[in-house]
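Predicted model only: the values in this text are computed from it and were never measured. Below, each value reflects all heavy atoms present in this structure, side chains not excepted, and no hydrogens, waters or symmetry copies.
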Amino acid sequence: MKEKNVKRLVLGEGETIGHKHVLDAPAGMEYERTDDHIRILLKGTGVLTHDEHDRMVFEAGSMLRSYNQVEFNPMDNTVNRVFD
Amino acid sequence: MELLQFANAEYFVCNLGGFELSEALRYWKAKFETIKHFKRDVIKHIGLAELGVFVEECWNTIEPITIGEALKEKNMEKRRVMFDCIGISKLFAQLNPELLDRQEVQKIRMRWDENNKPYQYKFNDTYELYKIPGEKLFVFPAESWNKPVPVYAVRCWCTTTAREYWIYIPEEIALGAPSWKTKAHKPDAIRAIAWTIRLDLSYPEKIYRQGDIIVAVESENSQSVTPYHLNKELYLHLMYSET
């Protein structure tokens, strides 16, 4: 991937209380953002943290895609992202 | 801020136009949890900045629309917008929905301690699938071709915070078949929650879920594909960690 190279990336921010899902990768990660997902290449171990949830650990070298959960809107028949 | 300059304008709420200011304010108060959310989603253009200031000044005095008012509304388009603004949690909490399916799943998922050391975590997760008959929400003349359509939602609880969530689901997913194939209907709460995960990646190796964030790990065979929703089998098979 030829996109941005960072050590910290926010994958999502809570609608109600504003807490963030933050992915930290001290050895760095490359990422690219599309309308549907964020694609991430971890150069070292990645740790996803959030104030209210337990951490998650991803292996070095993993290629990840981050999405939001989705919901149906029966009032206009659309599918939209969920924000907790 | 002068009320007069805003009072003569016409307002759009949820893509429906024709609202007077006093009406729009009450819809917005129901739809947005805080003035911050209102300003983020409505005041998107510099030309609306003054409206944002005005609404902020009176925000605490606005009475949100209620379900009772929505059910009395004769205009079905307007009623639809009212339900949209009121939101799923209040709708299902107050309209006595019908429980279609309830499943408790014993899960073993991966978690990590403060030193990032993995361990297996066992817990029970409960999912409930509900229906509100269309007749409770909408009314059409008897001679109309339009018939009120029911709405469906899956109810679940965050395994970490115990917070309750309601998520709308399409009818065909809730029932497992189109509405007219009544003999094939088999409501399934797990199929419903699986549908809320949508990927555009073939052959994911495993899936992590942290709140509303879904992370799929690509495998050697993975390719970009047209977005698809998980089915029950994939959901139960691929979910590696949930918190």
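Side-chain atoms of Asp212(B) and His21(A), non-hydrogen and from C-beta on, do get closer than 4.5 Å to each other. Looking only at side-chain heavy atoms (C-beta outward), Tyr152(B) and Phe72(A) stay at 4.5 Å or farther from each other. Counting heavy atoms from C-beta outward, Val70(A) and His229(B) have side chains that approach closer than 4.5 Å. Contact of the Gln69(A) side chain with the Arg198(B) side chain is not registered, since no non-hydrogen atoms from C-beta on lie closer than 4.5 Å. In this structure, the side chains of Met56(A) and Thr243(B) come closer than 4.5 Å at one or more pairs of heavy atoms.
In terms of non-hydrogen atom pairs under 4.5 Å with chain B, the most contact-rich of Val79(A), Thr45(A), Leu23(A) is Val79(A). Contact tally against chain A (heavy-atom pairs below 4.5 Å) for Thr34(B), Asp113(B), Asn15(B): the top residue is Asp113(B). Ranked by heavy-atom pairs under 4.5 Å with chain B, the first of Asp36(A), Ile38(A), Leu48(A) is Leu48(A). Interface summary for chain A: among Ile214(B), Val217(B), Val81(B), Val154(B), the most heavy-atom pairs under 4.5 angstrom belong to Ile214(B). Of the listed residues (Pro150(B), Ser219(B), Ser224(B)), the one with the most heavy-atom contacts under 4.5 Å to chain A is Ser224(B). The candidate with the highest count of non-hydrogen atom pairs below 4.5 Å against chain A, out of Asn116(B), Ile167(B), Ile197(B), is Asn116(B).
Note: Arg65(A) CZ to Ser222(B) OG = 7.5 Å, rounded to the nearest 0.5 Å. Separation of atoms OG (Ser66(A)) and CD1 (Ile213(B)) is listed at 5.0 Å; rounding is to 0.5 Å. Summarising the geometry, atom CZ belonging to Arg80(B) is positioned 8.5 Å from atom CE belonging to Met75(A); distances are rounded to the nearest 0.5 Å. Taken to the nearest 0.5 Å, the NE2 atom of His53(A) stands 8.0 Å off from the OG1 atom of Thr159(B). Atom CG in Asp76(A) sits 6.0 Å away from atom CG in Asp84(B) (nearest 0.5 Å). To the nearest 0.5 angstrom, Glu114(B) atom CD is 10.0 Å from Asp54(A) atom CG.
Interface remark: Leu91(B) contributes side-chain atoms only to the contact with chain A (heavy atom separation under 4.5 Å). Neither the backbone nor the side chain of Glu220(B) comes within less than 4.5 Å of any heavy atom in chain A. Of the atoms belonging to Val47(A), it is side-chain heavy atoms, and not backbone ones, that fall under 4.5 Å from chain B. Of the two parts of Pro227(B), only the side chain, counted from C-beta on, holds a non-hydrogen atom closer than 4.5 Å to a non-hydrogen atom of chain A. For Lys206(B), the part lying under 4.5 angstrom from a heavy atom of chain A is the side chain only. Heavy atoms of Leu201(B) lying under 4.5 Å from chain A belong to its backbone as well as its side chain. Of the atoms belonging to Cys14(B), not a single heavy atom falls under 4.5 Å from chain A. Contact of Tyr121(B) with chain A is not made at all, since no heavy-atom distance falls under 4.5 Å. Heavy-atom distances place both the backbone and the side chain of Leu199(B) under 4.5 Å from chain A.
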Step by step, would you call Val215(B) with Leu11(A) a side chain to side chain contact (heavy atoms under 4.5 Å, CB included)?
CA-CA 9 Å; Val215(B) 179; Leu11(A) 301 187; 4.2 Å; yes

Report the C-alpha distance between Thr196(B) and Glu71(A) in whole Å, list the side-chain angles of each, state the deciding distance to 0.1 Å, and finish with yes or no for side chain to side chain contact (heavy atoms under 4.5 Å, CB included).
CA-CA 6 Å; Thr196(B) 67; Glu71(A) 64 183 343; 5.9 Å; no

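A donor-acceptor contact closer than 3.5 angstrom is absent between the side chains of Gln210(B) and His50(A).
Glu218(B) and Arg39(A) are joined by a salt bridge, as a carboxylate oxygen and a charged side-chain nitrogen come within less than 4.0 angstrom of each other.
Listed by chain and number, the residues in a ring pair (Phe, Tyr, Trp, His ring centres under 6.0 Å) with Tyr240(B) are Tyr208(B) (sequence neighbours excluded).
Atom CG of Asn77(A) has more than 12 heavy atoms from other residues, nucleotides or ligands within 6.0 Å. The 12-atom threshold is exceeded at NZ of Lys107(B), counting heavy atoms of other residues, nucleotides or ligands nearer than 6.0 Å. The environment of CZ in Phe123(B) is crowded: more than 12 heavy-atom neighbours from other residues, nucleotides or ligands sit within 6.0 Å.
Without hydrogens or angle criteria, Tyr67(A) side chain to Asp200(B) main chain gives a donor-acceptor distance under 3.5 Å.
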